[in-house]
> 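Please see the structure below; I have some questions.
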There are 2 protein chains.
Amino acid sequence: MHTEADWAAQLHSHDRRVTKQRLAVLAAVGQLPHATAEAVTDAARATLQALTLQSVYVVLADLTALGMLRRIEPPNSPARYETRTGDNHHHAICTSCGKIEDVDCAVGHAPCLTPSSTTMTIKIADVLYQGICSDCGP
Amino acid sequence: MHTEADWAAQLHSHDRRVTKQRLAVLAAVGQLPHATAEAVTDAARATLQALTLQSVYVVLADLTALGMLRRIEPPNSPARYETRTGDNHHHAICTSCGKIEDVDCAVGHAPCLTPSSTTMTIKIADVLYQGICSDCGP
DNA sequence: CCCTTATTGTGAATTACTCAGAATAGGTGG
DNA sequence: CCACCTATTCTGAGTAATTCACAATAAGGG
């Protein structure tokens with residue numbers, strides 16, 4: 001897990017000030033993985049009542065750019081955020097109820113990093129699984 | 001390739017009427033793979049001047065639901081459409097210029113269809129590669 | 001050819017997000 | 001400890017992509 005001091009240290013190392021808002025957003029994303037900007041705002045307001053959605057958007061975008069958060073964009077859904085970064089894990093989405101689960105890499109470390117035919121130099125391979133979760137399906 | 005008669009037959013088999021608009025949209029997506037709704041509209045207007053963006057959205061959504069088109073949603077970009085469906089291929093996006101390339105499955109037929117740990121029944125695995133294309137990078 | 005109803009067009013609304021500028025508050029140097 | 005500088009947040013408005021409601025049009029079966 002990440003402690004508040006942990007987050008503060010990471011913010012410092014990126015030349016960012018340690019603000020109530022950033023800590024509240026980080027804590028909220030930590031306890032609600034895959035939450036939308038709006039859900040993060042609601043959760044963060046439990047400890048910081050005066051917090052605007054716009055600031056949450058700014059904070060989420062900045063922390064994502066720093067690599068402290070990861071942003072996922074499921075189809076037909078607003079963007080979602082999580083604190084689990086840097087481990088090349090993927091996501092499974094239930095097409096019925098929309099639930100999102102983390103999924104570790106399928107084959108070894110980086111299964112799909114070697115596409116068969118492309119002229120591009122690949123940096124990232126994001127895998128999005130879609131299916132039916134145990135609550136919804138047979 | 002797909003001929004106009006081909007598309008018409010597919011529309012019929014889905015109990016859809018064969019309209020100028022649908023044929024124009026299908027032709028446009030066929031000749032401009034990975035085009036946005038707006039680009040599709042512009043291209044389709046070459047042969048059907050009176051065509052509204054809203055109708056294109058409706059047609060694209062319906063044809064995607066039928067499986068005649070595939071919709072891809074790159075990060076930081078509007079949705080894009082293609083006529084190549086049902087072959088489990090993936091996409092590589094250049095993070096510099098935004099160019100999109102088709103990529104065949106990496107390992108055999110369905111590399112990532114067997115995630116290591118999940119309670120979901122997986123139906124689809126979409127892989128999104130991000131990198132630098134030969135025009136932009138070293 | 002006519003009629004029924006799917007489809008399209010018209011115009012406005014919604015969602016998710018971004019931007020400009022003023023107010024606030026970290027954190028550093030005195 | 002205090003003041004100041006500037007990053008950060010707030011206020012309020014703006015934008016892009018997409019969807020919706022309802023009227024107008026046109027496919028295609030009878």
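Values below: all heavy atoms of this structure, side chains included; hydrogens, waters and symmetry mates excluded. So you know, we letter chains A, B, ... as the sequences are listed, proteins then strands, and number each from 1.
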> Using a strict 4.0 Å threshold on nitrogen-to-oxygen distance, state whether B:E82 and B:R80 make a salt bridge.
no
> Could you list all N or O pairs between the protein and nucleotides 10-13 of chain C that sit under 3.5 Å apart?
none

> Classify B:A61 by what it touches in the nucleic acid, base, sugar-phosphate, or nothing, heavy-atom distance under 4.0 Å.
nothing
> Five pairs at each end of the helix from C:dC1-D:dG30 to C:dG30-D:dC1: take the axis at both ends and give me the angle between them to 10°.
30°
> Taking the side chain from A:R45 and the backbone from A:L51, do they hold a donor-acceptor pair closer than 3.5 Å?
yes
> Answer whether the closest heavy-atom distance between the side chains of B:M68 and B:T85 falls below 4.5 Å.
no
> Which nucleotide span of DNA chain D, 5' end to 3' end, has atoms closer than 4.0 Å to non-hydrogen atoms of chain A?
D:dT6 to D:dA13
> Does the side chain of B:L128 come within less than 4.5 Å of B:I72's, by heavy atoms?
no
> Each nucleotide in nucleotides 23-30 of chain C should get exactly one letter: B, S or -. Can you fill that in based on protein heavy atoms under 4.0 Å?
--BBS---
> With a 4.0 Å cut-off on heavy atoms, is A:L53 in touch with a base, just the backbone sugar-phosphate, or nothing at all?
nothing
> Going by number, which of residues 32-49 of chain B have a non-hydrogen atom under 4.0 Å from DNA chain D?
none
> I'd like to know whether B:D104 forms a salt bridge (Lys or Arg N to Asp or Glu O under 4.0 Å) with B:R84, so could you lay out the CA-CA distance, the side-chain angles of the two residues, the decisive distance to 0.1 Å, and finally the verdict.
CA-CA 12 Å; B:D104 289 318; B:R84 188 176 159 191; 2.7 Å; yes
> Tell me which residues in residues 63-77 of chain B put a heavy atom below 4.0 Å from DNA chain C, sorted by number, or none.
none
